[in-house]
Participant: 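First, the structure itself, so that you have it in front of you.
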Amino acid sequence: MNLLKEVFMKYGYFPGCSQTGSAKEYDISLRKVIEKLGVSFDEIEDWSCCGATSAHVTNHKLSTALAMRNIMLAEQQGMENIIAPCAACYNRLIMSQFEIANHSGIRKETEELLSASFQKDVKVFNVLELFLNIGIDKIIENRKRELNDLKVACYYGCLLVRPSGLTKFDDAEQPESMEKIAEATGAKTIDWNYKVECCGAAHSIARRDIVVDLSKKILDDAKYHGANVMIVACPMCHTNLDMRQRVMKRTYPEHEDFPVLYITELIGLALGMDEKELGIDLHFIDFNYKDLVPENSGVG
Amino acid sequence: MKIGVFICHCGENISSTVDCPRVAKICESYPGVEYSVDYKYMCSDPGQNLIREAIQLYKLDAIVIGSCSPHMHERTFRNAAFSAGINPFMVEIANLREHCSWVHDDIESSTLKAIELVRMAIEKVKRDKPLSKINVPVTKRVLVIGGGIAGIQAALDVANAGYEVVLVEKEPSIGGHMSQLSETFPTLDCSQCILTPRMVEVHQHPKIKLLTYSEVVKVEGFIGNFKVTIKKKARHINEDLCSGCGMCISKCPIKKKAYNSFEEDLAFRSAVYIPFSQAIPNIPVIDETVCTYFQTGKCGMCLKVCDRGAINFDQKDTVMVADIGAIIVATGYKLYDIERKSADLKYKGYGEYGYGKYRDVIDGLQFERIASASGPTSGEMKRPSDGKEPKKIVFIQCVGSRDDSKGISYCSKICCMYTAKQAMLYRHKVHDGEAYVFYMDIRAGGKMYEEFVRRAIEEDKVKYIRGRVSRIYEENGKYIVKGEDTIAGMPVEIDADMVVLATAMIPQDNAPALARTIGIPYDKYGFFNESHPKLKPVESTTAGVFLAGACQSPKDIPESVAMASAAACKTIILLSSDTLEREPVVAKVNEDLCAGCFYCQKVCPFGAVEVKDVKDINGIVYKEVAFINQGVCQGCGTCTATCLSKSIELSGFNNEEIFAEIAAL
């Protein structure tokens with residue numbers, strides 16, 4: 001039984017570009033956390049761009065082929081399940097798989113472009129699905145401390161649970177899986193309004209004003225509903241919600257810093273790792289769990 | 001045997017892709033064919049004359065028509081043949097339109113196919129045998145299922161024509177959804193004022209037997225001769241003794257345990273209750289699920305205060321069987337529920353509108369109760385959460401309707417009108433209030449309907465925004481409605497105090513189950529199917545069962561009433577003769593061959609197969625065989641295909657005939 005579990009728990013890993021750059025801490029914390037939980041993965045060798053934004057807004061064929069190239073590599077390297085921690089990568093990969101499965105023309109075209117044929121069904125998981133697969137109990141079992149003083153706003157953004165016909169693991173409008181995982185760390189979660197609203201995504205580059213407005217609404221609603229930290233599972237969301245708070249302050253001087261963590265960092269904290277180890281010090285908005293603990297509580 | 005072949009051009013429907021003269025010419029040479037001709041419109045009067053004259057002139061025994069589908073004109077041609085003196089079942093149709101010209105475009109190959117189709121029909125008609133119609137008696141009593149406005153109208157019309165009616169309603173009172181409405185479009189007359197006199201009329205009509213709090217559990221038999229089993233649920237009140245004084249209701253100590261479904265859950269009701277004060281009959285019901293006596297064996301307050309001794313805790317459900325000649329189904333509709341449903345259900349709910357968690361996001365029927373003078377707020381505009389008067393109200397149309405992603409593709413038809421009415425009523429009650437309507441299109445087809453919507457916009461200053469609402473959430477006691485104004489091309493955000501959703505009309509939950517009980521078909525949503533969308537809109541495909549109102553598709557009051565009267569009229573026609581003629585295309589069992597396995601009984605969708613004892617000369621039963629009731633059999637042929645011993649034959653479609661057709665290919 002254990003042996004079976006071991007086999008199942010081996011995943012292929014598709015980091016995507018963010019994990020090697022702007023979201024390095026997401027990569028670091030993910031690797032550390034799942035190691036602690038007894039899961040291992042192999043990075044897909046020679047992986048490339050997933051075909052996100054710049055490709056899929058300009059050339060449909062290119063974006064499908066880019067995504068499927070990675071799926072093809074995973075298949076060739078004997079991987080049955082792969083993890084795509086970035087919500088945009090996850091979305092591109094499952095969307096391309098859907099198109100390949102449902103449009104024989106696109107399938108043929110893509111196979112010709114890649115000089116390969118897709119045989120096996122490689123399952124792509126996002127980080128929420130990964131932790132649900134590993135099991136909430138596993139997090140509770142390995143917990144070194146309970147993050148009782150956190151009131152967490154779980155932010156899914158637009159891509160993680162959509163389109164609803166494809167991402168079948170949770171409800172597209174009122175998702176709850178991230179809350180379940182966050183509560184396993186001992187933290188409390190809040191009920192709020194903006195968990196699936198758009199953060200502005202790739203407008204971060206060309207139309208910062210849009211991103212600032214949208215992201216501020218998200219942060220404000222979380223604060224209004226009593227959160228003291230937000231968690232995300234998407235590098236793009238994190239960039240907008242964390243890094244753009246500086247610009248936000250220029251437009252809205254009354255804005256107060258609000259920490260935004262990756263879900264993996266939250267779990268890492270519960271598993272006993274410290275902020276530095278998890279890369280939380282790389283964020284633009286500082287976060288230190290000790291700061292949130294009342295002084296006389298003797299915890300932390 | 002002399003056969004005549006008649007090839008129809010159907011205008012250009014057939015002749016544009018089939019060379020009709022060539023088909024007719026070739027058929028001339030087939031053995032047995034005495035006469036063959038083509039004509040532009042065979043179904044027209046001159047066309048039918050051509051057939052009649054040819055039959056008489058050439059002394060034909062059988063004819064083959066190459067034309068449209070037999071669904072369309074089989075009857076026409078059979079009648080023509082009959083009037084010229086040949087048996088109507090010596091007529092075969094080769095479907096050259098739906099099966100050939102409409103689905104092909106190459107003239108050469110479709111002409112060849114047409115020739116084959118006609119040849120098959122010729123071979124079949126050679127083996128056809130004359131059949132004669134079956135006569136069955138008629139019970140002159142009508143069952144109406146559902147006591148909403150459609151059922152009430154149908155029952156009254158049939159009863160006024162002098163026939164007996166049994167009206168079955170599952171709720172404790174008749175009246176249906178119409179009794180819940182405040183005012184009705186486009187005249188704004190009070191719904192109850194026009195409905196309750198009709199309810200009383202039903203109650204007092206000597207020809208109508210009213211069975212409320214009752215359900216149809218079984219339907220057996222066939223047109224003119226149904227046997228219907230009706231379950232009358234226990235009210236725990238003796239209907240003969242109760243005077244409707246209401247003492248039990250006012251003294252019932254259970255006040256806040258059960259929601260009042262007549263008030264759309266906006267109020268509570270006691271354990272012993274009548275749904276509303278004008279209920280017909282004015283006899284309460286005890287709800288066992290909340291009544292203290294039924295839960296703990298104590299209390300019995302109603303028993304003490306009832307001076308007529310009408311309370312009867314021991315009353316049990318009763319079952320009765322009625323002989324019925326025809327059935328009118330008028331079970332109405334319910335509203336789409338925006339609450340979260342499990343993923344396997346076809347209706348997905350509205351997460352973007354909070355899955356029903358916001359108390360002031362209500363549906364159209366709830367608004368009707370708030371606007372109604374007899375409702376929980378006595379007609380004052382108060383929102384459910386805190387009873388405050390909403391100063392800004394948003395109506396959203398097409399919630400569920402016209403939205404494949406929510407499981408419904410159709411238009412619910414009445415929402416444009418009732419939303420305009422509700423917005424108007426709101427503005428009449430709250431003069432300083434703002435009313436917004438989000439719409440996709442305004443579909444106001446109907447007498448004085450468009451004018452009514454214009455009145456809402458122009459006189460009552462209701463603000464119409466064309467676009468969908470993507471999200472509703474609560475913030476500081478307000479409901480933030482985020483949507484799009486597609487005319488301005490801008491996103492809009494409205495901080496409303498209350499939101500009214502025009503949720504889709506869907507069939508009652510038990511509609512498919514009831515359809516199976518009665519034996520009528522229904523569509524993928526659960527609406528009952530009419531026999532023909534244009535020419536038989538109130539008939540179901542099961543003989544003797546008629547449809548009225550929103551159980552067939554979304555309808556407003558005038559349409560439901562019109563359909564109910566039409567169904568009543570069809571029923572009256574049916575009952576006007578003492579016997580009925582049935583088509584003789586029915587299955588027959590060869591009793592010598594039948595092994596008595598009764599697989600046919602299991603597969604028969606109409607329950608036409610009975611068990612028959614075969615007796616020897618001394619009257620002793622020596623085997624059981626299947627017997628097919630010719631009145632019930634619809635001639636579908638399922639039993640024929642299933643029969644292991646090949647002992648069932650379908651008249652007009654027997655093995656010899658079918659094999660001859662295949663062999664002619």
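All values below come from the heavy atoms of this structure, side chains included, with hydrogens, waters and symmetry mates left out. This is a predicted model, so every value here is computed, not measured. Letters go in sequence order (proteins before strands), and every chain restarts at 1.
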Participant: Do A:Asn193 side-chain atoms and B:Glu474 backbone N/O form a donor-acceptor pair below 3.5 Å?
Facilitator: yes

Participant: For A:Lys217, does the NZ atom have more than 12 heavy-atom neighbours from other residues, nucleotides or ligands under 6.0 Å away?
Facilitator: no

Participant: Give the interface residues of residues 350-365 of chain B toward chain A, defined by a heavy-atom separation under 4.5 Å.
Facilitator: B:Gly351, B:Glu352, B:Gly354, B:Tyr355, B:Lys357, B:Tyr358

Participant: With chain B as the partner chain, list the residues of residues 89-98 of chain A whose heavy atoms fall under 4.5 Å from it, by residue number, and write 'none' if nothing qualifies.
Facilitator: none

Participant: Please indicate whether A:Glu256 has more than 12 foreign heavy atoms, meaning atoms of other residues, nucleotides or ligands, lying under 6.0 Å from its CD.
Facilitator: no

Participant: Does atom NZ (B:Lys257) have a neighbourhood of more than 12 heavy atoms from anything else shown, all under 6.0 Å?
Facilitator: yes

Participant: Who in residues 221-242 of chain A is close to chain B, using a strict under-4.5 Å heavy-atom cut-off?
Facilitator: A:Asp221, A:Tyr224

Participant: Does a sphere of radius 6.0 Å around CG in B:Asp106 hold more than 12 heavy atoms from other residues, nucleotides or ligands, not counting ones at 6.0 Å or beyond?
Facilitator: yes

Participant: Would you find more than 12 non-hydrogen atoms of other residues, nucleotides or ligands less than 6.0 Å from B:Lys391 atom NZ?
Facilitator: yes

Participant: Taking atom NZ of B:Lys388 as the centre, report whether more than 12 heavy atoms of other residues, nucleotides or ligands fall under 6.0 Å from it.
Facilitator: no

Participant: Can you tell if the side chain of B:Tyr473 reaches within under 4.5 Å of the side chain of A:Tyr194, non-hydrogen atoms only?
Facilitator: yes

Participant: Which members of residues 155-184 of chain A, sorted by number, sit under 4.5 angstrom from chain B on a heavy-atom basis?
Facilitator: A:Asp171, A:Glu173, A:Gln174, A:Glu176

Participant: Mark yes when over 12 heavy atoms from residues, nucleotides or ligands other than B:Lys463 sit less than 6.0 Å from its NZ; otherwise mark no.
Facilitator: yes

